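We name chains A, B, ... by the order of the sequence lines, and we start the count at 1 in each one. Fair warning: this is a prediction, and the values are worked out from it, not measured in the lab.
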Amino acid sequence: MRVKLLYFAWVREKTGKAEEHVDLPAGIKTVAELIAWLQQQGPEYAEAFRRSEVIRAAIDRTHAPPGASIAGASEIAFFPPVTGG
Amino acid sequence: MRVKLLYFAWVREKTGKAEEHVDLPAGIKTVAELIAWLQQQGPEYAEAFRRSEVIRAAIDRTHAPPGASIAGASEIAFFPPVTGG
Amino acid sequence: MRVQTADFEVGAEIAALTAGRSDIGAVVTFTGRMRADNAGQLVAGMTLEHYPGMTESELERVEAEAQARWPLQASLIVHRVGALKPGDNIVLVVTASRHRQAAFSAAEFLMDYLKTKAPFWKKEIGADGRAAWVDARPSDDEAAGRWRRPPAREG
Amino acid sequence: MRVQTADFEVGAEIAALTAGRSDIGAVVTFTGRMRADNAGQLVAGMTLEHYPGMTESELERVEAEAQARWPLQASLIVHRVGALKPGDNIVLVVTASRHRQAAFSAAEFLMDYLKTKAPFWKKEIGADGRAAWVDARPSDDEAAGRWRRPPAREG
């Protein structure tokens, strides 16, 4: 499955990129599983996703909890808790 | 005791005057007693103060309940419940 | 606190209160406007009467009470009197604080108290030309009453 | 709903929302401004990052939710992004209704929800030149949480 990943705020700074397209291996079905896989993609990803409990995700621009299915997603974003307003 | 009385809104319209100076007989000690006395000062006063339960009063520009003492007052106002804002 | 026949400009009032200030994180404004209908009746115009002298002292009192209850950097009440027509501004309340909850709560408090304490009276002129004094709303007394209890949440 | 780098003018936004309307009795505005201090530290500036596309859809969603909960005649959210300095405006919320309680409640709701749902992130530059991402405040989650209960009072 090919998907566009977006990173914001300190997740972006730690991965060193704002977005990328990746081919996910079969078997990654949820946001939490995707985070676990990303943690293994190099030291910058390990650092960016180390505190996975504070990372928030959005699937196709909608907030998604860790257990949400990524099936059919075209754009998945990772970011810290929001601080606007 | 000489005091300035002020009337507002429909109390003013019914008494036919915005203000007047009156000499109160001895024995009138509270707002409620003053209203009872005013009710006897002619048909326009009887009408203005007929629904005495809805009349509000202020002594020297401070809200005053019916039982408030008027001793030493220089300005007493009567008006309907306020409707500003 | 001002009582005036002239209109006010919300933007200009905010600018005056916040000019040069970098300690204000939240500004809340409430603008009360005259509607063309009230209690199911069409309204063509309105006259606002008040008690000069007492109005100012009551508005100062409620503003001081709000300042005592919440950490406000600034506050303002402007109330118009005289002849008004539908769409006209009637009253403006502005509160400024470091955080939003104090600014929101203080603005609501000022409006609730003003509505039950400040000596203003509205006389509406109906679409048929008949004039009638507006009755006080019990819901305004209830709204003011909730501030007698300690606030459920501040910050 | 607008996301922009440019400043906004509260008075002009109110005028645009209320022009020619005589069915609006209450307008509430909330303006969030940048303070020169946060959590006890001096702040020299700030950069606001967001998620283009998702920001707009989340702001539209919270505005639709407010319209569904309260009888609003109009509402508006404007949020700035990019570089800001102390004293600058950050966010504007405007709500307009027939009566004041709906306008106040909807404005508070919009701010609470926006703060926990809209994908904005603040990076502050301290007086010492060091930049740091602002942490989310648990009190903002609590503020948003209170809207999950039915409102205690409306009208």
Side-chain angles (χ1 to χ4, degrees), chain A residues 2-22 30-32 34-35 38-39 44-85, chain D residues 1 3 30-35 38-39 46-62 77-82 84 89-93 107-124 131-141 143-144:
Chain A
R2 188 164 178 82
V3 69
K4 181 181 180 183
L5 300 182
L6 300 178
Y7 310 113
F8 292 97
W10 54 253
V11 181
R12 172 179 53 74
E13 290 181 339
K14 289 181 178 182
T15 60
K17 56 191 77 170
E19 61 178 79
E20 62 185 326
H21 288 83
V22 297
T30 66
V31 168
L34 175 53
I35 289 176
L38 282 165
Q39 285 171 332
E44 69 276 28
Y45 289 92
E47 172 59 19
F49 289 93
R50 189 172 53 83
R51 294 165 59 209
S52 61
E53 73 283 3
V54 300
I55 304 264
R56 302 289 180 266
I59 298 175
D60 292 333
R61 305 180 175 182
T62 301
H63 290 287
S69 166
I70 63 168
S74 56
E75 181 176 304
I76 303 176
F78 295 100
F79 43 78
V82 302
T83 55
Chain D
M1 181 278 310
V3 180
F30 174 87
T31 308
R33 293 159 45 93
M34 190 188 161
R35 283 185 290 113
N38 188 21
M46 175 196 281
T47 309
L48 252 161
E49 178 174 335
H50 79 123
Y51 180 175
M54 181 171 170
T55 310
E56 290 80 357
S57 77
E58 283 295 315
L59 294 181
E60 281 169 8
R61 192 198 305 264
V62 297
I77 301 173
V78 181
H79 205 299
R80 296 181 71 189
V81 291
L84 298 173
N89 290 326
I90 301 172
V91 60
L92 171 66
V93 157
E108 286 205 60
F109 170 87
L110 286 173
M111 278 309 302
D112 287 348
Y113 254 57
L114 183 160
K115 284 219 165 228
T116 57
K117 295 287 186 186
F120 293 101
W121 301 276
K122 288 174 181 156
K123 188 174 197 174
E124 287 181 346
W133 293 97
V134 173
D135 281 328
R137 288 162 32 127
S139 63
D140 285 332
D141 286 326

Interface moiety of [X] toward chain A, non-hydrogen atoms closer than 4.5 Å:
| X | answer |
| --- | --- |
| K115(D) | both |
| S57(D) | side chain |
| D135(D) | backbone |

Could you tabulate the donor-acceptor pairs under 3.5 Å formed by side-chain atoms of residues 77-84 of chain A, not counting sequence neighbours?
from: T83(A); atom 1: OG1; to: K122(D); atom 2: N; distance (Å): 2.9

* Sequence-distant partners of E49(D), salt bridge (Lys or Arg N to Asp or Glu O under 4.0 Å), two or more places apart -> R12(A)
* Distance, nearest 0.5 Å, that separates CH2 of W133(D) from CH2 of W10(A) -> 10.5 Å
Could you pull out all donor-acceptor pairs under 3.5 Å where a side-chain atom in residues 50-58 of chain A meets a protein atom, sequence neighbours excluded?
from: R50(A); atom 1: NE; to: E47(A); atom 2: OE1; distance (Å): 3.4
from: R56(A); atom 1: NH1; to: E53(A); atom 2: O; distance (Å): 3.3
from: R56(A); atom 1: NH1; to: V54(A); atom 2: O; distance (Å): 3.4

* Structure fact -> Under a 4.5 Å heavy-atom criterion, the part of residues 60-72 of chain A in contact with chain D comprises R61(A), T62(A), H63(A)
* Structure fact -> Highest number of heavy-atom pairs under 4.5 Å with chain A among R61(D), M111(D), E58(D), R80(D) belongs to E58(D)
